[in-house]
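Throughout, protein chains are lettered first and strands after them, A, B, ... in sequence-line order, and every chain is numbered starting at 1. Values below: every heavy atom of this structure, side chains too, minus hydrogens, waters and symmetry copies.
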Number of protein chains: 2
Amino acid sequence: MKQAKKQLFHDFIARKGLKSTRQRDLILDGFLSNDRHMSIEELYLALRAKHPNIGYATVYRTLKLFSESGIAREIQFGDGQTRFEHVDEGEHHDHLVCTRCGAVKEFANEAIEKLQAAIAESHGYLVHTHKLELYGICPKCRK
Amino acid sequence: MKQAKKQLFHDFIARKGLKSTRQRDLILDGFLSNDRHMSIEELYLALRAKHPNIGYATVYRTLKLFSESGIAREIQFGDGQTRFEHVDEGEHHDHLVCTRCGAVKEFANEAIEKLQAAIAESHGYLVHTHKLELYGICPKCRK
DNA sequence: CTTATCAATGAAAGTGATTTCCGATAGCAA
DNA sequence: TTGCTATCGGAAATCACTTTCATTGATAAG
Ligand SMILES: [Mn+2]
Ligand SMILES: [Mn+2]
Ligand SMILES: [Zn+2]
Ligand SMILES: [Zn+2]
């Protein structure tokens, strides 16, 4: 699955006539082997620990490429940091976010998805994305 | 209803020992008589047209006060601008946002709200807010 | 109706998170 | 191996707020 994403990204690189570079591979490895909801800075610092002179701008640009290639998606939990999560082919989920510790729980609910589609339909909108986030306190933080 | 909100805000001002100023009244009027989902800058520019030396910082601070007082709520549609919408006592709604022209349609769906509560419950989260936004193309933009 | 007091205001400076610029590097086609 | 450019990394620039500070003005006291 990690291999599949590497493959997808390499195909994307080739298709677009972009170059395969050491940095892109490092960043891809870092992204794929870390938490599913990392901010640019978190990934940058993690990579920086092993590769002292990788640039923030390169991490930033490469994450954008991951989004374009379809292996990542930008998310925004309202804490001022843009985060990126892994995208699995044909899968969709929404988020439960702990406002105390930042923990993120993913969930999928077919009934809600259907209701959303019906609402969009009834208002004549052609929906291409949606965002459903529940903010609260996680079980751990509730003690 | 517009009067009710003015009253609520004046009560808030009094309760907090804040001052009633010409600017706060102007901004309140501007906010109440405009679109329900304005960014700080949009409101600032609209006010500025009639009152050339009102400050951006004042609009900003006053909108925060509106939120505190309960007559407004901050929302974030992911376009990088914070928006403020009117709050009606005891009412809740979510949004359909046109990614072409920016049109916003409000909707409320009790079934979805119940499903959300059930999901939070099943994961042990104590939810205090949520965000549900459907992004797509509005009927007008679909032509 | 003054005056004194201190919150409120507006212009400008400061922040934090990107986003872009630019001279130096390094893939990769020839 | 070479030469052409895409990429890189560090720095500068942007953007959307957010705070600072000298001045102004709402209000309570006299
Ligand atoms: Mn996720
Ligand atoms: Mn609304
Ligand atoms: Zn938590
Ligand atoms: Zn539209």
Side-chain angles (χ1 to χ4, degrees), chain A residues 9-31 37-69 72-84 102, chain B residues 9-31 37-69 72-84 102:
Chain A
F9 185 63
H10 284 139
D11 291 351
F12 171 82
I13 286 291
R15 180 157 22 90
K16 291 279 189 176
L18 304 176
K19 288 175 181 172
S20 170
T21 70
R22 194 171 54 76
Q23 288 88 337
R24 285 177 178 164
D25 286 339
L26 282 173
I27 297 168
L28 181 53
D29 267 329
F31 175 66
H37 307 90
M38 294 191 97
S39 66
I40 303 174
E41 173 139 51
E42 284 167 352
L43 182 52
Y44 167 67
L45 291 176
L47 287 166
R48 189 89 194 196
K50 292 202 183 309
H51 312 280
N53 48 1
I54 197 159
Y56 181 96
T58 302
V59 176
Y60 162 79
R61 288 181 290 229
T62 304
L63 282 171
K64 293 278 181 193
L65 282 183
F66 291 171
S67 291
E68 271 189 74
S69 77
R73 176 188 299 125
E74 255 182 74
I75 47 180
Q76 172 63 77
F77 289 147
D79 63 347
Q81 304 254 120
T82 297
R83 290 163 187 287
F84 288 81
Chain B
F9 186 62
H10 284 140
D11 291 352
F12 171 81
I13 285 292
R15 177 155 27 88
K16 291 279 189 175
L18 304 177
K19 287 175 181 170
S20 170
T21 69
R22 194 168 53 76
Q23 288 88 337
R24 284 176 178 165
D25 287 340
L26 282 174
I27 297 168
L28 181 54
D29 267 330
F31 175 67
H37 307 89
M38 294 191 97
S39 67
I40 304 173
E41 173 138 51
E42 283 167 352
L43 182 53
Y44 167 66
L45 291 177
L47 288 166
R48 188 89 195 197
K50 291 203 182 311
H51 312 280
N53 48 1
I54 197 158
Y56 179 95
T58 301
V59 176
Y60 162 78
R61 287 183 290 230
T62 304
L63 282 171
K64 293 277 180 194
L65 282 183
F66 291 171
S67 292
E68 269 189 74
S69 77
R73 177 188 299 125
E74 258 180 64
I75 47 180
Q76 169 65 78
F77 289 148
D79 63 346
Q81 302 255 122
T82 296
R83 290 163 187 288
F84 288 82

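Distance, A/Ile54 CD1 to D/dG10 C1': 14 Å, rounded to whole Å.
Residues forming a salt bridge (Lys or Arg N to Asp or Glu O under 4.0 Å) with A/Arg73 (at least two apart in sequence, or on another chain): A/Glu85. For A/Arg83, the salt bridge (Lys or Arg N to Asp or Glu O under 4.0 Å) criterion is met by A/Glu42, A/Asp79, not counting sequence neighbours. Looking at residues two or more places apart in sequence or on another chain, you find a side-chain contact (heavy atoms from CB on, under 4.5 Å) between A/Thr82 and A/Glu74, A/Gln76, A/Phe84.
Between A/Phe77 and A/His37, the ring planes lie tilted relative to each other; the angle falls in the 30° to 60° range. In this pair, A/Phe31 and A/Phe66 present their aromatic rings tilted. The plane angle is within the 30 to 60° band.
Chain A approaches DNA chain C within less than 4.0 angstrom (heavy atoms of the protein), and the contacting nucleotides run 5' to 3' from C/dA17 to C/dC28.
Annotation: proximity of residues 44-53 of chain B to DNA chain D (heavy atom, distance under 4.0 Å) is found for no residue.
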- Between protein and nucleotides 14-30 of chain D, map the contacts as a letter string: B base, S sugar-phosphate only, - none, heavy atoms under 4.0 Å, written 5' to 3'. --SSBBB----BBS---
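Of all heavy-atom pairs spanning A/Ile40 and A/Tyr60, the tightest one is CD1-CD1, 3.8 Å. Shortest non-hydrogen contact noted between A/Leu43 and A/Leu63 is CD2-CD2, 3.9 Å. In terms of heavy atoms, A/Arg24 sits closest to A/Leu18 at NH1-CB, 3.8 Å. Scanning both residues, A/Phe12 and A/Ser69, for their nearest heavy atoms gives CG-CB, 3.3 Å. Across every non-hydrogen atom of A/Leu47 and A/Val59, the tightest pair is CD1-CG2, 4.1 Å.
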